[in-house]
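Working notes for the structure below.
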Amino acid sequence: MLDEIFQGIYSSVVEAQNAIEQHYLGEVTEDYFEADGSPKMVLVRLPGKDGQLREVHIPAITLVPHYGLAIDEVSVKMKVKLSSSEDDKEAKGRKGGKIRRIISDFSNREGGKELATISIKFRGKDPPEGLARIKDNLIKFIPT
């Protein structure tokens with residue numbers, strides 16, 4: 001049973017990280033690219049070589065920093081009931097009975113006491129290599 005709890009926690013963390021990445025990808029495509037895949041452009045006025053202002057279209061994605069988000073650390077504290085491998089009567093005559101069952105008590109029998117505490121820490125991470133390469137290529141649209 002404890003193994004199933006740990007597998008469930010692990011699966012939840014993996015799914016949460018996947019959801020974060022999918023959300024990030026959705027934000028990038030929606031905010032910075034048109035439906036046809038072309039970059040969304042921002043019109044700015046920049047001085048040219050002659051000192052005169054001229055309008056320039058610059059890819060919006062090149063104007064803002066991009067950092068991903070990753071789950072860095074997860075800690076779970078919970079109360080569990082331990083049960084020995086044999087009846088208490090049989091186990092009394094033996095030294096060191098093995099623990100065979102770990103039972104999570106979610107029945108709220110303890111009068112509303114806290115059953116589990118979950119803490120998740122996130123960290124920023126560098127943008128994916130593909131996004132960095134796309135930004136590098138789009139920067140070429142900005143005149144020097």
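Source: prediction; values computed, not measured.
Interatomic distance, OG of S119 versus NZ of K77, reported as 8.0 Å (0.5 Å rounding). Atom CD1 in I134 sits 12.0 Å away from atom CD1 in I139 (nearest 0.5 Å).
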Cut-off 3.5 Å, no hydrogens considered: what does the side-chain donor-acceptor table look like for residues 41-55, sequence neighbours left out?
from: D50; atom 1: OD1; to: Q52; atom 2: N; distance (Å): 3.0

Would you tabulate the side-chain donor-acceptor contacts of residues 28-38 under 3.5 Å, counting partners in other chains and residues two or more places apart, or write 'none'?
from: T29; atom 1: OG1; to: L25; atom 2: O; distance (Å): 3.1
from: T29; atom 1: OG1; to: G26; atom 2: O; distance (Å): 3.1
from: D36; atom 1: OD1; to: S38; atom 2: N; distance (Å): 2.9
from: D36; atom 1: OD1; to: S38; atom 2: OG; distance (Å): 2.7

Mind listing the side-chain donor-acceptor pairs of residues 6-20 below 3.5 Å, one per line with the distance, residues two or more places apart or on another chain?
from: Q7; atom 1: NE2; to: D3; atom 2: OD2; distance (Å): 3.1
from: S11; atom 1: OG; to: Q7; atom 2: O; distance (Å): 3.0
from: S12; atom 1: OG; to: G8; atom 2: O; distance (Å): 2.9
from: Q17; atom 1: OE1; to: I71; atom 2: N; distance (Å): 2.7
from: Q17; atom 1: NE2; to: E21; atom 2: OE2; distance (Å): 3.2
from: Q17; atom 1: NE2; to: L69; atom 2: O; distance (Å): 3.3

Could you give the side-chain donor-acceptor pairs of residues 120-133 under 3.5 Å, partners two or more places apart or in another chain?
from: R123; atom 1: NE; to: D72; atom 2: OD1; distance (Å): 3.1
from: E129; atom 1: OE2; to: R133; atom 2: NE; distance (Å): 3.1

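Pairs passing the ring pair (Phe, Tyr, Trp, His ring centres under 6.0 Å) check and including a residue from residues 36-63, sequence neighbours excluded, do not occur. Residue pairs satisfying the side-chain hydrogen bond (donor to acceptor under 3.5 Å, both in side chains) criterion with at least one member in residues 60-71, sequence neighbours excluded, are absent.
No path of Ile, Leu, Val, Met, Phe, Trp and Tyr side chains, each step under 4.5 Å between heavy atoms, connects I61 with L63, placing them in separate hydrophobic clusters.
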